[in-house]
Number of protein chains: 2
Amino acid sequence: MSEARARLLKAATELFYTEGIHAVGVDRVIAAAQVTRATMYRHFPSKDDLVVAYLTQADEAIRARTAAARAQDATPEDIVRAVGTHIADDIQRRGFRGCAFLNAAAEYPDPAHPVHKAVLKHRKWFLDTVTELLAAAGETHPEPAARHFVMLRDGAMAAGCLTDPKPVRDTFLAGIEGLLKYRNR
Amino acid sequence: MSEARARLLKAATELFYTEGIHAVGVDRVIAAAQVTRATMYRHFPSKDDLVVAYLTQADEAIRARTAAARAQDATPEDIVRAVGTHIADDIQRRGFRGCAFLNAAAEYPDPAHPVHKAVLKHRKWFLDTVTELLAAAGETHPEPAARHFVMLRDGAMAAGCLTDPKPVRDTFLAGIEGLLKYRNR
DNA sequence: GGCGAGATAGAACGATCGGTCTACTTGAGT
DNA sequence: ACTCAAGTAGACCGATCGTTCTATCTCGCC
């Protein structure tokens, strides 16, 4: 990846995530990245492509983080907890502004739009992954349990930047513990 | 309320909720409401005011619906269930596009913005209300339980328009039943 | 009939929007 | 030295944006 492209993606990520996608025009991304319009359009044919790239990069980071958690030498329950802890830690991170994917979906509600599609792709992977993790932890009904996990995750992501993140984080982790405690097996 | 104002609010509600706030310019609201620009600005000093009015109307509708549920002759548990059922029914409604408040917050992340403030105001009322309902249902720790309820609600709202709403609805209602079943008392 | 409230039609404003284009420069590789 | 890829500077385009404004009309009330 070229340096200009990296600067563009970094600037877009920060601005889109912090202020919203429609609220940030390409001019601001260009200025923050210190590149020219021609350079931007050389790397991304349109603003939509830049947005998709931003989401794809976020998706890849979460996948890598989740793969690392699965590769560690831990019990299946602890891997579920580790994934939960990643989310909980995000919520308390400085600059946390909710879930990039949910925020993007709110701004691009048309299911046919490439941005919306990128969101759905990420979410499918995440739900499938949590399903696998819960099955590995002995849950005999992993699909409903995973849906519950994801619901808590989505709710925690939504609320974590609208209120004090501490109780949101605690509620979320307690919910995950409840899922592990009351699992069917 | 004048007829023109009502038409404006109705048009804004449909367009903003369906397509997103930034994605819909005042021209489209004006055309859909069949009023002139002067009429729109006569009733709403700015687009932001129109957006706040849209959210305020949604807030009032939910408050009225909740008040009606509380006024019914039912056990406290059943009132909690009724509130949950409202949410579940919304999720399966034709045209469901998530939570108007969460969607608006995604587009207006600045806590000082009047739109963002309208979102927070609604959410505070909702959390307080659920806290009261759970206390009335005998929950000795109503605040954490209410946070859990709201987290499930937020998660269900977020996911209900990104995937098949049926399992989302079922997961949500099961979560509420779990809250009632495992309450502390 | 006169008045006031509320509505109409629609032009105009300055700013921003996403995207296109030209001319030129720089640096690495051959 | 030449070529090519990638970058620069920045002008330009048509469209849209949210807002302001003027002139006029309609309707209900007194």
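Each chain gets a letter, A, B and so on, in the order its sequence line appears, and its residues count up from 1.
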Within the 6.0 Å centroid threshold, strictly below: B:Tyr182 and A:Tyr182: yes
Please classify the nucleic acid contact of A:Arg7 as base, sugar-phosphate, or nothing, using heavy-atom distances under 4.0 Å. sugar-phosphate
Ion pair present between A:Glu143 and A:Arg147, side-chain N to carboxylate O less than 4.0 angstrom? no
Does the distance from a Lys or Arg side-chain N to an Asp or Glu carboxylate O, for A:Asp90 and A:Arg153, drop under 4.0 Å? no
Could you tell me the separation between the CG atom of B:Asp49 and the P atom of D:dG18, rounded to a whole number of Å? 13 Å
Could you tell me the separation between the CD1 atom of B:Ile30 and the P atom of C:dA11, rounded to a whole number of Å? 14 Å
What are the residues of residues 35-48 of chain B, sorted by number, that bring a heavy atom to within less than 4.0 Å of DNA chain C? B:Val35, B:Thr36, B:Arg37, B:Ala38, B:Thr39, B:Arg42, B:His43
Hey, are A:Asp89 and A:Arg93 close enough for a salt bridge, meaning a charged N less than 4.0 Å from a carboxylate O? no
What is the distance, to the nearest angstrom, from the CG atom on B:Asp27 to the C1' atom on C:dC13? 14 Å
Verify side chain to side chain contact (heavy atoms under 4.5 Å, CB included) between A:Leu173 and A:Arg81, making sure each step is shown before the conclusion. CA-CA 8 Å; A:Leu173 290 175; A:Arg81 287 187 185 98; over 6 Å; no
For A:Leu15 and C:dC17, what is the distance between atoms CG and P respectively, to the nearest whole Å? 12 Å
Rounded to the nearest 0.5 Å, how far does CG of B:Leu8 lie from OH of B:Tyr54? 15.0 Å
Quick one: label B:Glu3 by what it contacts on the DNA or RNA (base, sugar-phosphate, nothing), any heavy atom closer than 4.0 Å. nothing
